Colleague: 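Right, I'll just put the structure down here and ask away after.
Per chain, numbering begins at 1; letters A, B, ... match sequence-line order. Just so it is clear, the model here is predicted, and its values are computed rather than measured.
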Protein chains: 2
Amino acid sequence: MVGENDYKNASLTEVAEMAGVSIATVSRVINKNSNVNPETRAKVEKAIKALNYRPNRVAKRLRNKNASSNLLGVLIPDIQNPFYVDVLRGIEDIASANNYALIMCNFSQDEKKEEMYLDILQSESIDGLIAAPAHENDQKVIGIVNSGLPIVCVDRGLANVDVDLVLVENRAGAYSAVDHLAKKGYKRIAYISGMKQIPSSQQREKGYIDALRDHGIEIDSDLIKYGDSRHESSTKLCEELLDMPNPPDAIFTGNNLITLGALETIHKRGLKIPEDVAIVGFDDMYWSISLNPPLTAVRQPAYEIGKRAAELLIQRINDSSRSVVNMILKTELMVRSST
Amino acid sequence: MVGENDYKNASLTEVAEMAGVSIATVSRVINKNSNVNPETRAKVEKAIKALNYRPNRVAKRLRNKNASSNLLGVLIPDIQNPFYVDVLRGIEDIASANNYALIMCNFSQDEKKEEMYLDILQSESIDGLIAAPAHENDQKVIGIVNSGLPIVCVDRGLANVDVDLVLVENRAGAYSAVDHLAKKGYKRIAYISGMKQIPSSQQREKGYIDALRDHGIEIDSDLIKYGDSRHESSTKLCEELLDMPNPPDAIFTGNNLITLGALETIHKRGLKIPEDVAIVGFDDMYWSISLNPPLTAVRQPAYEIGKRAAELLIQRINDSSRSVVNMILKTELMVRSST
DNA sequence: AAAAAAATTGTAAACGTTTTTATTGCAATG
DNA sequence: CATTGCAATAAAAACGTTTACAATTTTTTT
């Protein structure tokens with residue numbers, strides 16, 4: 001009978017027993033750094049194979065508190081947002097190429113959950129962390145920075161804290177979108193923002209306002225709506241905008257999910273884009289071209305953000321004294337037919 | 001100076017020292033199950049607070065080999081596919097409500113990566129695993145089933161292995177899509193499948209063929225294309241279909257990503273949907289209504305799949321002897337204007 | 001008041017590693 | 001031949017927990 005024991009995880013002790021050596025020797029064989037007699041090595045390797053031995057990562061981490069555990073943490077605010085999924089892919093490709101496993105935590109824009117996950121990550125003895133903090137004054141994340149754990153922030157920075165950072169030119173990106181709308185002749189341009197406390201939301205609002213100002217368009221605060229970055233809230237906010245006595249002729253949406261929510265509302269009302277209302281979104285998606293109509297959008301290099309962040313993190317792990325890097329990537333306005 | 005030590009993780013020993021008791025007592029205070037004098041408890045709790053003590057999960061897992069480590073593994077084939085993201089959300093909601101953390105692994109349809117992640121998960125002493133195996137004869141996953149680790153498969157089953165399983169009626173779902181097309185009068189209906197070795201692809205093909213047969217439509221094997229479930233491959237396969245001397249008048253796409261790829265190709269060619277070619281996708285997305293045109297699709301309850309799987313897994317962890325459950329959820333055809 | 005029972009706390013082992021230190025055997029040196 | 005040096009290996013400690021068991025104190029019973 002093929003019993004359960006066939007699959008039981010063998011330990012160093014069992015390997016040592018089978019090979020007739022001490023566990024120290026087995027460990028030396030595995031971590032090829034030290035001298036061991038070729039014959040002994042052969043015996044041990046045979047036993048390892050026979051028992052299908054795999055080192056226990058938990059024990060390894062406990063013992064090697066300060067050495068590498070080959071484990072990185074990732075903390076992201078919203079797995080439903082395709083932007084973060086692309087960031088994640090970038091991280092994952094670099095991580096697995098460098099033999100790091102990922103423990104991925106999604107806090108769904110919920111600070112309580114964020115705290116829980118940060119606790120868990122810390123007590124898992126990860127080598128380093130890539131995080132998009134809930135907001136600029138995220139004390140939990142700041143605490144981690146101060147603890148000395150290698151960390152790279154993505155998409156969102158921290159106020160008054162020097163930390164490795166990868167993000168995009170949010171202000172400039174938003175500016176290019178609104179500038180484009182203004183040049184096309186739209187006058188009442190609305191902005192549906194993500195959560196107000198997120199740095200990127202603030203930067204994008206700044207770009208929006210700067211662009212309006214440069215075009216001599218008066219800022220109407222009724223045209224600025226703050227959501228929670230979730231699809232449901234953005235459909236509602238878009239409805240509010242369209243219900244105004246003097247509704248906007250164009251909408252700039254602050255992120256992926258907001259764009260999709262706004263589109264849904266516009267379509268439900270049977271309005272024509274861009275004739276009745278134009279729309280530009282922050283965040284491009286690879287299927288933006290298949291939307292109705294093909295969407296004009298500010299493209300962020302999401303995959304590259306993740307890639308760069310992972311590279312920075314691994315560098316930081318290997319050299320904790322290297323100077324702090326803030327990497328600001330460019331955005332690109334993809335003009336299609338929604339404007 | 002606020003130094004690094006302020007944030008250093010305290011250990012049981014330090015708490016015990018500060019409170020003037022043994023580590024066993026501290027442990028008892030933390031794991032509220034056993035008797036300890038109220039005064040002692042107060043002293044210990046004060047020390048815990050003062051040192052900001054948090055139990056080390058790694059040590060806990062190592063010690064409690066057989067007890068709960070409050071850690072679940074999730075192994076998914078493709079994080080870029082919104083279907084799996086929704087499954088993940090369902091899993092995560094249940095997991096975090098039950099105090100389980102998630103270690104999430106995405107193998108990008110790459111069996112080498114899958115193997116690596118399964119190794120890692122096993123050696124992390126997880127309590128249980130939710131996995132979508134690479135294919136029906138995935139020996140690595142079968143090995144895990146045999147090892148006795150609690151596991152629930154989602155979306156894809158295993159041949160000849162009794163294991164908890166949550167999936168949808170793939171055959172019936174595909175049937176309803178193709179039946180719908182046939183009733184609408186389409187005669188040359190193509191199928192762009194995901195990876196051939198995935199059980200769900202096979203089941204959907206079966207549904208496709210059964211529906212055609214029931215409508216007396218002859219099966220043309222040139223109209224069946226097999227991709228790798230990635231966006232790039234599906235654009236190419238769609239091109240091949242449209243380039244045929246006798247091209248299809250309707251396409252049934254095997255999953256989310258394939259649908260988006262096919263749409264892209266059709267739009268690039270300036271073809272009208274559904275006049276020039278109709279399309280039904282397997283997998284609905286919450287923004288399907290915003291596509292051009294609003295997409296007719298077979299909806300899978302992805303979130304619920306994840307939720308049910310996590311519930312089953314937790315049950316299994318708590319009672320390894322309960323009988324195996326295969327849960328088959330219904331699909332729903334969302335008729336919009338792409339057909 | 002002595003014995004028994006119950007409550008509280010402490011001691012030590014164990015989980016599976018890595019690594020420091022100690023031991024062994026053997027060749028080279030004087 | 002006695003000493004030294006080196007290579008190979010073993011022994012033991014440590015990482016931070018939980019828990020079985022032992023020891024102590026307090027309470028109850030007789």
Side-chain angles (χ1 to χ4, degrees), chain A residues 8-45 47-48 51-71 119-127, chain B residues 8-45 47-48 51-71 119-127:
Chain A
K8 203 190 75 183
N9 281 350
S11 73
L12 265 192
T13 319
E14 294 167 69
V15 175
E17 234 160 54
M18 179 178 247
V21 298
S22 76
I23 60 167
T25 301
V26 180
S27 177
R28 275 186 285 255
V29 168
I30 290 161
N31 309 299
K32 323 183 177 278
N33 38 23
S34 143
N35 284 3
V36 27
N37 187 312
E39 285 173 42
T40 319
R41 174 184 302 275
K43 266 193 306 183
V44 170
E45 273 166 354
I48 288 179
L51 291 170
N52 187 26
Y53 170 77
R54 240 186 326 254
N56 179 319
R57 291 171 60 97
V58 176
K60 203 180 231 174
R61 278 224 291 298
L62 178 57
R63 166 59 218 231
N64 282 2
K65 270 258 100 183
N66 307 346
S68 177
S69 61
N70 281 359
L71 186 64
D119 273 3
I120 290 175
L121 286 171
Q122 278 190 284
S123 78
E124 284 287 350
S125 315
I126 55 176
D127 288 332
Chain B
K8 202 191 77 183
N9 281 351
S11 72
L12 264 194
T13 318
E14 294 167 68
V15 175
E17 236 160 53
M18 177 178 246
V21 298
S22 75
I23 59 167
T25 302
V26 181
S27 176
R28 274 187 284 256
V29 168
I30 291 162
N31 309 300
K32 319 179 180 286
N33 38 23
S34 144
N35 285 4
V36 29
N37 187 310
E39 287 173 40
T40 320
R41 174 185 301 275
K43 268 194 304 184
V44 170
E45 273 165 353
I48 288 178
L51 292 170
N52 187 26
Y53 170 78
R54 243 188 322 257
N56 180 317
R57 291 172 60 97
V58 176
K60 204 177 228 171
R61 277 225 292 296
L62 178 58
R63 166 60 218 232
N64 283 1
K65 268 263 97 181
N66 307 344
S68 176
S69 61
N70 281 1
L71 186 64
D119 272 3
I120 289 175
L121 286 171
Q122 279 191 284
S123 78
E124 285 287 350
S125 317
I126 55 176
D127 287 334

Colleague: D/dT24 C1' sits how many Å from B/Asn37 CG, rounded?
Modeller: 14 Å
Colleague: How close do A/Ser22 and A/Ala16 get, heavy atom to heavy atom, and via which atoms?
Modeller: C-CB, 3.8 Å
Colleague: Could you state the CG-P distance from A/Asn35 to D/dT9, rounded to the nearest angstrom?
Modeller: 10 Å
Colleague: If you restrict it to nitrogen or oxygen atoms, what contacts under 3.5 Å exist between nucleotides 25-29 of chain D and the protein, and what is each distance?
Modeller:
none

Colleague: Could you list the residues that satisfy side-chain hydrogen bond (donor to acceptor under 3.5 Å, both in side chains) with A/Ser27, not counting sequence neighbours?
Modeller: A/Asn31
Colleague: Within the structure, does a side-chain N or O atom of A/Ser22 lie under 4.0 Å from either OP1 or OP2 of D/dA11?
Modeller: no
Colleague: Looking at DNA chain D, which of residues 38-45 of chain A put a heavy atom within less than 4.0 Å of it?
Modeller: A/Thr40
Colleague: Only one of B/Leu121, B/Ile120, B/Asp119 passes side-chain contact (heavy atoms from CB on, under 4.5 Å) with A/Arg57; say which it is.
Modeller: B/Ile120
Colleague: Report the distance from atom CZ of A/Arg54 to atom CD1 of A/Ile30, rounding to the nearest 0.5 Å.
Modeller: 12.5 Å
Colleague: Under the side-chain hydrogen bond (donor to acceptor under 3.5 Å, both in side chains) test, which residues partner B/Asn70, sequence neighbours left out?
Modeller: B/Ser68
Colleague: Tell me every residue that passes side-chain contact (heavy atoms from CB on, under 4.5 Å) with A/Leu62, counting only those two or more places apart in sequence or in another chain.
Modeller: B/Val58, B/Ala59, B/Leu62
Colleague: Kindly list each side-chain donor-acceptor pair under 3.5 angstrom involving residues 35-44 of chain B, sequence neighbours excluded, with atom names and distances?
Modeller:
from	atom 1	to	atom 2	distance (Å)
B/Asn37	OD1	B/Glu39	N	2.8

Colleague: With sequence neighbours excluded, what pairs up with A/Thr13 under the side-chain hydrogen bond (donor to acceptor under 3.5 Å, both in side chains) test?
Modeller: none
Colleague: Scan A/Arg28 against the nucleic acid and name what it touches under 4.0 Å (heavy atoms): base, sugar-phosphate only, or nothing.
Modeller: base
Colleague: Taking side-chain hydrogen bond (donor to acceptor under 3.5 Å, both in side chains) as the definition, give me every residue that meets it alongside B/Arg28, ordered by chain and number, with sequence neighbours left out.
Modeller: none
Colleague: Considering only heavy atoms from C-beta outward, does the side chain of B/Val21 approach that of B/Val29 to under 4.5 Å?
Modeller: no
Colleague: Using atom names, set out every protein N or O paired with an N or O of nucleotides 12-17 of chain D below 3.5 Å, distance rounded to 0.1 Å.
Modeller:
from	atom 1	to	atom 2	distance (Å)
D/dA14	N3	A/Arg63	NH1	3.3
D/dC15	O2	A/Arg63	N	3.2
D/dG16	N2	B/Ala59	O	3.4
D/dT17	OP1	B/Tyr53	OH	2.8
D/dT17	OP1	B/Asn56	N	3.1
D/dT17	OP2	B/Leu12	N	2.7
D/dT17	O5'	B/Tyr53	OH	3.1

